[in-house]
Protein chains: 2
Amino acid sequence: MKWDTLDEEPCSLSRAVAVIGDRWTLLILRECFLRVRRFEAFQSSLQITRHLLSERLKKLVRFGILRRVPYSESPKRYEYILTQKGLDLYPIIMAMVHWGDTHMGDERGRPLLHEHKICGKLFDPVMVCSECGEPLQARQVHVHAGPGRDQAVG
Amino acid sequence: MKWDTLDEEPCSLSRAVAVIGDRWTLLILRECFLRVRRFEAFQSSLQITRHLLSERLKKLVRFGILRRVPYSESPKRYEYILTQKGLDLYPIIMAMVHWGDTHMGDERGRPLLHEHKICGKLFDPVMVCSECGEPLQARQVHVHAGPGRDQAVG
DNA sequence: AGACTATAGTTCCGAAATAGAACTGTCAAA
DNA sequence: TTTGACAGTTCTATTTCGGAACTATAGTCT
């Protein structure tokens with residue numbers, strides 16, 4: 001498989017995987033949603049090698065998920081901020097966190113709790129149908145070939 | 001970073017990443033949700049090397065995401081079926097598909113369309129708050145340390 | 001019987017990615 | 001003038017991956 005052309009496959013999952021389908025990228029995005037923005041901050045909180053961090057940040061910028069914004073002239077310093085495309089990854093991250101909470105927990109309990117500022121309560125993320133609002137289950141979904149069809153995911 | 005103990009980190013995202021945080025695993029899961037179950041079928045539809053496929057399937061079985069079920073005695077043959085823990089990955093996969101549809105599309109249009117059998121309509125997956133039912137946005141979520149706290153994701 | 005096919009892997013080796021540590025460059029503050 | 005903060009880059013050893021060939025078990029075809 002050619003990872004360098006995965007983002008052109010006729011499958012939306014492949015295209016997403018091309019961008020965020022590796023361990024470090026997902027962990028970097030976690031930090032982004034926790035408001036981490038600077039090289040040193042990513043590096044020290046993740047213990048990622050500087051080399052890989054540099055490469056991954058470049059990739060995320062290239063794909064339009066992060067913007068590299070100067071926060072200091074002389075010396076020129078930049079920080080990395082989520083674009084709207086990056087912010088839209090939130091459901092993926094939250095879905096993973098929720099799955100981890102549910103299926104990979106230990107006796108210590110959840111590492112983090114999430115409060116919804118709108119309603120003020122601690123919540124779990126739930127994925128629902130945009131049309132009827134019911135929670136989604138794999139069995140209840142039927143897949144059709146779309147215009148850019150070929151293969152893909154249920 | 002020690003990938004072999006990532007599943008014990010006090011962070012639910014890390015624990016999820018430990019299991020599904022690589023390209024092949026995510027693509028294999030896509031196939032699972034499309035009802036692919038057998039070694040040869042995975043191999044030919046993904047063009048993954050047999051070596052890696054074998055290793056990834058073992059890992060998914062070890063983590064309880066797939067079950068290895070015999071479908072033939074003599075010769076002994078097995079197929080791989082999603083457990084409930086595996087089925088619960090559906091929101092992650094769907095969130096990724098939806099993000100790919102939204103942000104990585106090309107002129108050909110969506111590769112696949114999803115129909116909700118319950119309401120009969122083509123839909124998009126939407127992530128909502130379990131308490132108030134409103135769609136979730138990163139900005140509207142406040143993170144608290146939980147009992148197994150230390151660090152983790154927003 | 002012997003050859004061929006199907007399925008589910010395992011083995012081996014060269015190529016690519018990663019980890020770990022050291023090094024570079026710019027500027028401000030002491 | 002030296003030190004420290006920050007944001008990287010460069011280098012090498014190790015690990016993982018890709019690609020192809022090989023193994024094993026049994027059924028079917030001639």
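On a predicted model such as this, the values are computed, not experimentally measured, just so you know. Atoms considered below: every heavy atom in the structure, side chains included; atoms not considered: hydrogens, waters and symmetry mates. Letters A, B, ... are given to chains in the order of the sequence lines, protein chains preceding strands, and every chain is numbered from 1.
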Side-chain N or O of [X] closer than 4.0 Å to phosphate OP1/OP2 of [N]:
| X | N | answer |
| --- | --- | --- |
| B/W3 | C/dA19 | yes |
| B/Y71 | C/dA8 | yes |
| A/Y80 | D/dC6 | no |
| A/T49 | C/dA21 | no |
| B/S54 | C/dT10 | yes |
| B/W24 | D/dG18 | yes |
| A/K58 | D/dA7 | no |
| B/R56 | D/dC17 | yes |
| A/R68 | D/dG8 | yes |

Between [N] atom [atom2] and [X] atom [atom1], what is the distance in whole Å?
| X | N | atom1 | atom2 | result |
| --- | --- | --- | --- | --- |
| B/Q43 | D/dG18 | CD | P | 12 Å |
| B/E55 | C/dT10 | CD | P | 10 Å |
| B/F39 | C/dA8 | CZ | P | 8 Å |
| A/R23 | D/dT16 | CZ | C1' | 11 Å |
| B/H51 | D/dT23 | NE2 | P | 18 Å |
| A/D22 | D/dC17 | CG | C1' | 14 Å |
| B/L53 | D/dC17 | CG | C1' | 14 Å |
| B/R37 | C/dA8 | CZ | P | 13 Å |

**Asked** Side chains of B/H116 and A/E134: donor-acceptor distance under 3.5 Å anywhere?
**Response** no
**Asked** Which is true for B/F42 with a 4.0 Å heavy-atom rule: it touches a base, it touches only sugar-phosphate, or it touches nothing?
**Response** nothing
**Request:** Output the single nucleotide from C/dC27, C/dA8, D/dA7 whose closest atom is nearest the side chain of A/S74.
**Result:** C/dC27
**Asked** Is A/R50 side chain donor-acceptor paired with the D/dA7 base, going by distance under 3.5 Å alone?
**Response** yes
**Request:** Look at the rings of B/F42 and B/Y80 and say which category their plane angle falls in: under 30° parallel, 30 to 60° tilted, over 60° perpendicular.
**Result:** perpendicular
**Message:** Less than 4.5 Å apart, side chain to side chain, heavy atoms only: is that true for B/M94 and B/D124?
**Reply:** no
**Request:** By nearest nucleotide on DNA chain C, pick out whichever of A/P75 and A/I48 is the more 5' one.
**Result:** A/I48
**Message:** I'd like to know if B/R50 pairs up with B/E55 as an ion pair, taking the criterion as any Lys NZ or Arg NE/NH1/NH2 lying under 4.0 Å from an Asp or Glu carboxylate oxygen.
**Reply:** no
**Message:** Closer than 4.0 angstrom, basic N to acidic O: yes or no for B/D106 and A/R15?
**Reply:** yes
**Asked** Does the ring-ring contact (aromatic ring centres under 6.0 Å, His included) test come out yes or no for A/Y90 and A/F33, once each step is laid out?
**Response** CA-CA 8 Å; A/Y90 193 64; A/F33 281 108; 5.1 Å; yes
